[in-house]
Amino acid sequence: MEKKLWRYLSVTLAVLLMMGVLSACATSPQTTGSSNKNKSKGSNQAADKAGSKTIHIMGPETGNPHIHFKDREKYSSWKEFQKLFKEKGLNPKFEVVANDQYQTTLQTRMASATDMPDFLNVTGLGDDTILNFVDKGTILPVNQIIDEHSDGTAKQFFAEGGKGARSNALNAAENGNVYWISQIQATTYDGKPGSTNQVISVRKDWLDKLNLEVPKTADDFYHMLKAFREKDANGNGQQDEVLAFNPAAWNNGIAQWFGLVNEISCFVIEDGKAVSPWYQPGIKDYFKYLNKLAKEGLMDTSTIGGGDPLDQVIAENKAGAIFDYCMQTWQEPGTGDPDAAYLPIGPLKATDAAEPILAIEPPYLSYNRWAFTKECKDLDVAGTLLDILCSDKYMELTQWGIEGETYEVKDGEKKLLPIALNASWEQAAKEGKEIGDLIWANGSIFPKRRFVPMENEISIVPEYKAEFQRNIIDYHPTTPLGKENYFPVPTQEQVQRRLELNTDLGTQSSQLATQLILGQISMDDWDSHIQSLKDLGLDEILKIDQTLLDRYKKNVKD
Amino acid sequence: MNAGTAAQKNSRASEKRFQKMHRSGLLRENAELYAMMLPTLIIIFLFCYIPIYGILIAFQDYSPGMPFFSFTQDIKWVGLKHFKRFISGPFFGRIMTNTISLSFLNLLFGFWPPILFALLLNEVRSVRFKKFTQTASYLPYFISAVVVAGMVLSFVKTDGLVNNIIALFGESRKSLNTEPKAFPVIYTITNIWKSFGFNSILYLSAITGIDPSLYESAYLDGATRWQSMWHITLPGIKPTISIMLIMAVGSLLSSNTDLILLLYSPATYPTADVIGTYVYRLGIEGGQFSYTTAIGLLSTVINFLMVFASNKASDKIAGYSLW
Amino acid sequence: MTVKRKFNAGDIVINLVMILVCFITLYPMYYVFILSISDPVVAASMKVYFYPRGLYFRSYSILATDGKMWRAYGYTIFYVVANTLLVLLTSITCAYPLTSKKLMGRKFVVAFLLVPMYFGGGLIPSFLLISKLGLYNTVWALIIPSCFNIWYIILTRTFFVGIPESLRESAQIDGANNFTILSRIYVPLSKPILAVVGIYTIVGVWNSWFTSNVYQPDTSIQPLQMYLRRVLVQQTVDLTKLSQAEAEAMARLKLSNNQLKYSMIIFTTLPVIFTYPFFQKYFVKGVMLGSLKG
């Protein structure tokens with residue numbers, strides 16, 4: 001009996017021991033293969049034989065289906081990029097994590113301070129988390145690195161008048177320090193800042209087929225939807241033509257006809273006052289209008305909340321009107337109707353109470369975050385990396401690639417060649433010709449630098465969309481798609497208050513809005529509805545946003 | 001093996017011998033039993049107990065990068081602040097009511113279908129048909145929540161299958177997907193449909209453990225099929241039913257969050273917003289690790305108490321308990 | 001079964017109910033199948049009910065022609081086999097002692113088991129533990145921490161309790177120790193519950209991706225579900241902030257791959273269904289206590 005007991009025990013122990021040994025082996029790089037973990041952390045920036053210094057960089061894959069960072073060696077723009085590192089004596093070591101997994105990896109590794117790299121993409125960390133890491137000294141201030149360890153390239157880039165000046169001002173915390181760098185995308189039209197927008201588009205082919213006028217007012221629009229339905233515009237024998245959009249969001253096109261801003265707290269750019277749609281004059285008329293559409297079945301209620309049901313309505317070829325970028329060309333194939341054409345229509349006059357506004361993409365976008373951690377002991381290395389990322393060569397490689405391969409110069413102006421312009425990724429991957437944007441800079445390892453005239457994009461869309469875009473370029477008033485591009489970094493307390501208020505406020509607001517639209521609750525109790533939002537801190541959120549907006553106006557010269 | 005017959009003969013004699021057993025025998029018996037359990041207990045300790053200190057952040061203002069516990073660095077201890085915030089929050093009453101009522105509906109209508117199905121399946125004559133039906137019944141479990149929700153939502157649309165049937169009876173079409181009253185029904189039916197087959201596997205296995213001689217003698221006594229189902233099969237799986245019931249009561253504050261997230265919309269928040277979905281929306285805003293941990297801890301404690309109470313009740317009433 | 005009855009009205013009712021059950025469970029699966037091979041636009045509208053419209057097999061070929069997929073498949077099988085064997089082992093060895101009335105400190109052990117069923121420390125402490133143990137980014141991260149399941153220990157114990165105590169006692173009189181009793185008497189008699197634990201574990205491991213997501217940044221050792229999830233996530237990119245051409249190409253891709261989620265269900269369900277009959281025989285026919293008496 002004892003014998004068996006001992007045998008059992010020894011077998012168990014042996015198994016456990018073996019597992020331990022095996023797992024220990026498995027952690028070493030040889031067995032896991034692709035995980036190039038930085039085991040020798042101590043000698044982080046130690047210079048190697050050639051005198052180049054190592055820097056550990058972590059980021060997500062670009063997420064492109066054909067072009068992967070791990071295949072970077074085959075692209076000539078990467079080879080050029082590598083030369084920059086060599087010249088400056090840097091030896092970058094990369095750890096690339098799959099895009100879908102990066103957020104988790106980032107959070108767990110940073111929170112537990114395990115295997116932290118020197119420089120990494122920290123977009124997935126919230127404001128409060130980053131500011132806390134700053135407090136603890138885990139994340140280093142970028143501005144000090146630029147001031148003391150840059151050869152001048154980065155300093156010039158971020159200084160007033162430089163291409164990154166605005167981004168730098170937006171990334172400034174209240175104490176003036178800057179803790180991360182961002183990607184920058186600036187668009188111009190006719191030499192001035194200009195940008196695209198999101199509006200309602202209607203089925204042009206149905207208008208033509210039924211001999212209908214392009215709607216000029218919200219009332220016209222209602223009659224158009226009605227006519228689509230009554231005259232069976234899609235010809236399937238059913239009266240099922242609808243407006244397909246997500247009324248649970250304020251950014252839905254129709255709300256903007258009534259002069260409403262596109263978030264629960266946002267602003268009209270021209271006027272710079274933080275405001276909530278709930279307080280704007282057009283709000284009641286807006287609900288009355290949508291309630292009418294919902295009651296008459298002109299709006300599909302399954303699309304409240306957006307997502308798959310919205311795609312489904314479009315796929316059923318029932319969507320007489322949609323809400324998207326004015327120049328979009330990706331919704332038409334989704335209808336399955338070869339004749340489908342969505343014509344963007346301008347902000348329509350809808351109420352006497354307010355002027356219609358237009359939701360524009362800010363012409364200067366500064367988004368996503370890259371930061372240095374305390375693992376980066378040699379700040380000269382950090383400064384050098386920033387110099388590389390701010391150099392003209394880097395910008396050229398990222399945005400344009402290699403001359404003759406991905407772009408050409410015509411009349412002194414750079415033009416992307418078809419391989420890069422038409423997003424022919426499969427071919428690009430095969431031939432090793434691609435711009436840096438897609439190899440390393442699409443919210444990925446390094447920040448994107450994109451300074452483009454809109455004319456390029458306008459040139460490749462159907463004329464009726466291009467015409468709309470050209471005509472609307474100077475429209476006022478406007479509201480931004482993404483108010484963050486006008487807000488500098490909030491303080492810890494502001495972040496904390498926002499986090500505490502946003503969920504409850506958002507819940508109540510979207511619920512109230514949909515219930516009013518569906519007529520589940522009455523407009524008569526308006527004051528109590530507004531009071532419920534005030535109780536959840538709507539005014540406080542507005543106040544925080546106003547403070548930030550004021551700081552923006554002080555910091556940034558447009 | 002004839003241990004069975006031997007056992008019956010010797011059962012009385014053995015009882016006496018056990019009483020006489022030496023104390024060292026008992027110790028050795030225990031040593032054997034513990035040796036058997038020990039590897040598992042060690043692993044459980046390692047992976048379940050060592051990280052349990054993470055609960056502490058429910059009582060702090062934690063942010064990633066801070067230590068969970070430390071004597072040297074300052075930790076912002078806040079006591080029950082996060083619990084108080086949750087309980088006094090504007091939606092506390094609603095999400096608690098919704099969570100409990102959805103769980104309760106699930107218990108009321110979802111608990112017995114797997115049992116009934118297992119009982120009926122056991123009565124199917126053809127072994128082939130039996131196997132076929134059983135395999136079919138657990139297929140829905142493999143359809144991912146995204147696709148299930150997609151199908152369900154397209155069924156309940158104004159021009160969907162359900163409304164077509166309603167219209168057939170001359171009633172007017174209803175927008176079921178935005179109707180708060182319809183949500184609990186849709187959710188419960190979907191949930192039952194998805195899991196009854198998978199859950200019935202356990203009951204089927206319990207049925208096979210029943211001594212067939214019981215059925216033989218019942219048949220000889222002239223019992224009908226329904227009688228033997230009622231008097232033999234059902235009591236035979238009573239222990240399994242009991243522990244499943246105890247566990248179900250102990251998950252009163254948990255719901256199928258994945259499915260609800262895909263099925264609900266702001267219009268149905270009043271009946272569909274539960275603890276899990278609320279925590280999910282908090283998560284989208286980011287941060288607030290302490291707050292979400294506190295909410296999780298609160299519902300865990302309640303679940304734990306429920307399991308304890310129901311176990312005690314089951315022990316008293318039916319004589320079965322989890323442990 | 002030794003009991004033979006005449007086929008009567010009761011059988012008709014039961015068979016009709018079963019046919020209904022088959023219909024409500026098989027049809028949706030069939031629906032998923034026809035969606036997976038219909039034209040992408042038609043599939044997106046979900047308006048196919050009886051037979052596929054516009055045959056389209058690209059979503060299957062995307063999956064089947066990817067070498068990474070097959071490697072992930074191999075790893076999943078490895079994880080499933082290892083976990084199932086270990087979970088069975090830990091469930092049996094932990095459940096048996098709990099059935100013994102002579103076990104000292106039984107209440108303590110039970111409490112020890114119950115607490116972690118409900119309370120856990122969250123992501124970061126577990127992460128620290130896993131990386132300190134050297135399991136981070138290894139295959140063992142998906143095996144060692146999940147080699148037990150407390151709920152299955154309880155299920156197994158409940159079944160064990162149903163085995164007559166007299167069998168154990170008489171074996172002990174014959175001089176058998178607990179290991180022998182467990183392996184010679186309890187395990188053979190408990191095949192039905194072991195089959196259940198087996199199938200539940202297989203399905204659980206087969207469908208799991210979360211632990212891999214946290215502990216395995218190395219894509220080359222990830223299980224199938226991680227791979228599939230990645231393929232799906234790739235299709236749901238945010239179109240904002242992309243250039244016109246990029247956004248359009250992404251949107252085209254999204255549409256044509258929208259139905260991947262359907263083919264994935266078919267693709268991943270089939271192997272589990274095929275392994276099912278192996279376990280099914282243990283609880284559709286089952287081993288009887290009676291067989292022991294012969």
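In what follows, chains carry the letters A, B, and so on, assigned in the order in which the sequence lines appear, proteins first and then strands, with residues in each chain numbered from 1. Excluded from the calculations below are hydrogen atoms, water molecules and symmetry mates; all remaining heavy atoms, backbone and side chain alike, are included. The shown structure was predicted, so the numbers you read here are calculated from the model rather than taken from an experiment.
The part of B/Tyr138 that comes within reach of chain C is its side chain, from C-beta onward, which places non-hydrogen atoms under 4.5 angstrom from that chain. In this structure, the portions of B/Leu46 lying under 4.5 Å from any heavy atom of chain C include both its backbone and its side chain. Contacts of B/Val148 with chain C are absent, with no heavy-atom separation under 4.5 Å from either backbone or side chain. For a residue to count as touching a neighbouring chain, one of its non-hydrogen atoms must lie under 4.5 Å from one of that chain's; by this rule B/Phe117 touches chain C with backbone and side chain alike. Contacts of B/Ile50 with chain C are made by side-chain atoms alone, with heavy-atom separations under 4.5 Å and no backbone atom involved. Using a 4.5 Å cut-off between heavy atoms, B/Leu41 touches chain C through backbone and side chain atoms alike. At a 4.5 Å heavy-atom cutoff, the contact between C/Phe112 and chain B is made by backbone and side-chain atoms alike. With a 4.5 Å cut-off on non-hydrogen atoms, B/Phe45 touches chain C through its backbone and its side chain both.
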Next item on the list: Take B/Lys130 and C/Met18 through the side-chain contact (heavy atoms from CB on, under 4.5 Å) test and state the conclusion after the steps.
Entry: CA-CA 9 Å; B/Lys130 198 169 170 177; C/Met18 290 302 143; over 6 Å; no
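Here the straight-line distance linking atom CG of B/Asn30 with atom CG of C/Leu103 works out to 5.5 Å at 0.5 Å rounding. Note that CD1 of B/Ile143 is 10.5 Å distant from OH of C/Tyr262, once rounded to the nearest 0.5 Å. To the nearest 0.5 angstrom, C/Leu123 atom CG is 9.0 Å from B/Phe289 atom CZ.
Checking side-chain atoms of B/Trp193 against main-chain N and O of C/Ile24 turns up a donor-acceptor pair under 3.5 Å.
Closest approach of C/Leu129 and B/Pro51 over heavy atoms only: CD2-CG, 4.0 Å. In plain terms, the two heavy atoms of B/Ser205 and C/Phe159 that are nearest each other are O-CE1, 4.0 Å.
Of the residues listed (C/Ile265, C/Val32, C/Leu228), the one engaging B/Ser144 in a side chain to side chain contact (heavy atoms under 4.5 Å, CB included) is C/Ile265, and it is the only one.
Using cut-offs of 30° and 60° on the angle between ring planes, the pair C/Phe119 and B/Phe304 is perpendicular.
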